[in-house]
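Let me begin by presenting the structure, written as structure tokens, before commenting on it.
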Amino acid sequence: MPPLMPPLLEIRDLHLTMATRDGPAQVLTGVALRIARGEIWGLVGESGCGKTLTGLSVPRLVPCPPAHYPAGEVRLDGEDLMALSERRMRALRGRRIGMILQDPATSLNPTMRIGDQLADVALAAARHDPALLGPGPARTAARALAATMLDRVGIASARQRLSAWPHEFSGGMRQRVLIAMALIGAPDLLIADEPTSALDVPVQAQILALMQGMAADRGLGMILITHSMGVVARACSHVAVMYAGSIVETGPVVEVLDRPAHPYTRALMAAVPGRHTPRGTLRALPGTVPDLLAAPPGCRFAPRCPRATPACRAARPPLRPLGAGHAVACAHPDAPAHG
Amino acid sequence: MADPPLLELRGVSRLYRPRRSLLARGPEVVALDGVSLRIAQDESLGVVGESGAGKSTLTRIILRLERPDAGQILYRGADVARFGPGALRAFRARVQIVFQDPQAALNPRMTAEEIVTEPMLVHRDTVGLDRRGRRARVAELIETVGLRPDHLRRFPHELSGGQRQRIGIARALAAGPELLLLDEPTSALDVSAQAQVLNLLIDLQDRLGLGYLFISHDLAVVRYLCDRIALIRQGRLVEEGPAAQIFDAPRTACARRLIDAAPDLGAPLRSAGRTTGTD
């Protein structure tokens, strides 16, 4: 018997290699995350840092080949997802693990009405969890639930809109349909890849509030992939900062954003204009994420880091705890004052 | 009287009658309703609004890709609607656009060099450069937007998102514009690429004295870049004024709602509603 309840999601030392025309690229190099129920984790970093591939690895949506996992574990409530049959895995997707993909344009079926697409997901989820729809005729209940979810993501006159086609909806509305679809099966874990970046600011705030409500009331655990530190500050309880395939800083949002220890986290925060950033004073992070086919040895951030020393280029610093759940992988972190 | 502004919109309206079915047309939709705006040389005006507010219609009308149903567009005091073919071509060289998604806006089969050269061919009579002159200008432009000469040989897919948008900006500069319409130019970019492109736009404006019409739904970005802000809602101009005034003392509920809803790193951790977290 394990002494502790396993967390909702545990990713341990996940490595992912991608076969490319020019050789294998080490895309993920030892990603580790522990997510409890009710926690919303922001996964941040520049494009090409492995955020999306980390998210897709949980429901096993990365095609293998070209991908290959040389090491690592992904456990949902202690169950090893990497070892499940494809059939068992399929039963988890959409029901226990909800997923919002990045591209709303291609994620809806253009030949099915919005309400039918939502109701189908609810019916499929209800096969595993009959309580979802309650007693009575299932299809009627599924449509009612579909209308409720559309309403909750802020689609006006939701009931009438059930018979609309995807092409009748704007991009922002389609994105909201996908959010409703990911939530309609009442998943335990939601992985949302840039779910709100295409939305208007007020709608974005409404969706984030909805997700926070589901985390607080129903214990939904969530990975929110974003490059917006503002979204992290507003919506997340925890944050993991990714750089070039691994997590370089992690912890509760209040700790990490108030006392960022990794130079990369600091640079990301400094690159976001605030309400009072004077014109021309934004500090852009120079350079780009390294080519993962020829990643530098040692700390992968060293080539862009103002503090890098020869030691940084020699060995990769491990993630070290700083207290209060805050950890950083840096040889020369800013020492945050705790206590 | 002072010089006329670079661009002026006077009471511009635009209606659409969407098709309801193959034959019947639905009720009219008002995309723009009596919008008046001015942009001076060297000035940046931020246009902020929710989706469907009419921001894209505004750019299409300014570029004369669509005609307004009412109102006038004046360029340096001259009515754009009365431009003949020659004046219209010259106008289009002077007013260029940078699109939201550089991936979609750049031809995937053209190299960066071909992409940046194309406007000089289209606007040959305005730009007036021979082949050698165009090559020199492309080399200059690529440096202006902070890329290296070897980037010119690359295709869009061989560039990062930020680099692609720099090519989009170089293309917009190629015909020698006075006014750039920037349609959410950084919303498809990650934060570091966004910061680089924003700083590039500021630098270009300072060096070239361009006028900007900057469309965005990211208020912090608009605040960072723009001198004045115009808020539009359902096709109507709701509020317009200096950026600082709109932010610090919004007069309308619409402005306040947009400002309050915007995530701000400056004051995040005191906000309530966090699900878990430690103190």
Side-chain angles (χ1 to χ4, degrees), chain A residues 36 38-40 44-48 170-173 197-206 208-209 212-213 215-216 227-238 252-255 257-258 267-280 282-286 288-289 324-325, chain B residues 18 44 48-53 160-163 186-200 202-203 205-206 216-227 243-244 247-248 254 257-271 273-279:
Chain A
E39 288 179 351
I40 302 183
V44 291
E46 289 164 276
S47 311
S170 71
M173 284 163 77
S197 39
L199 301 177
D200 293 324
V201 169
V203 178
Q204 180 178 325
Q206 183 189 358
L208 293 178
Q212 283 179 304
H227 54 245
S228 164
M229 281 290 192
V231 167
V232 170
R234 173 163 281 238
C236 297
S237 60
H238 294 75
V253 163
V254 273
E255 291 294 326
L257 295 197
D258 265 4
L268 277 185
M269 290 175 67
V272 185
R275 226 165 265 182
H276 300 287
T277 311
R279 186 181 151 103
L282 204 55
R283 277 178 294 144
L285 183 61
T288 50
V289 179
Chain B
S44 37
V48 179
E50 297 171 32
S51 37
S160 72
Q163 290 169 339
T186 65
S187 61
L189 305 179
D190 69 36
V191 282
S192 67
Q194 165 171 289
Q196 291 170 8
V197 167
L198 290 177
N199 284 344
L200 170 65
I202 287 176
D203 179 48
Q205 190 168 41
D206 293 347
S216 180
H217 61 249
D218 186 333
L219 279 158
V221 166
V222 173
R223 171 82 165 94
Y224 179 65
L225 192 86
C226 297
D227 308 305
F247 262 80
D248 300 334
C254 170
R257 195 166 80 99
L258 275 170
I259 290 165
D260 289 345
D264 181 25
L265 257 192
L269 304 174
R270 284 161 290 284
S271 68
R274 193 166 301 287
T275 49
T276 58
T278 50
D279 279 323

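So that the names make sense, note that chain A is the first sequence line, chain B the second, and so on, each numbered from 1. FYI, side chains are in, hydrogens and waters are out, and symmetry mates aren't considered; it's all heavy atoms of this structure.
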Applying side chain to side chain contact (heavy atoms under 4.5 Å, CB included), can you list everything that pairs with B/Ala193, at least two apart in sequence or on another chain?
B/Leu189, B/Asp190

Sorted by chain and residue number, the side chain to side chain contact (heavy atoms under 4.5 Å, CB included) partners of A/Gln206 (sequence neighbours excluded) come out as none

Could you tell me which portion of [X] (side chain, backbone, both or neither) has an atom closer than 4.5 angstrom to a non-hydrogen atom of chain A?
| X | answer |
| --- | --- |
| B/Thr186 | neither |
| B/Asp248 | side chain |
| B/Phe247 | side chain |
| B/Gln194 | side chain |

Only pairs of heavy atoms separated by less than 4.5 Å count here; which of B/Val191, B/Asp203, B/Val48 has the most with chain A?
B/Val191

In Å, rounded to the nearest 0.5 Å, how long is the span from CD of A/Gln212 to SG of A/Cys236?
8.0 Å

Measure the spacing between CG of A/Leu257 and CE of A/Met229 and express it to the nearest 0.5 Å.
6.0 Å

Within the distance-only criterion (no hydrogens, no angle test), does the side chain of B/Ser44 pair as donor or acceptor with the backbone N or O of B/Leu225 below 3.5 angstrom?
yes

In terms of heavy-atom pairs under 4.5 Å with chain B, the winner among A/Leu282, A/Leu285, A/Val289 is A/Leu282

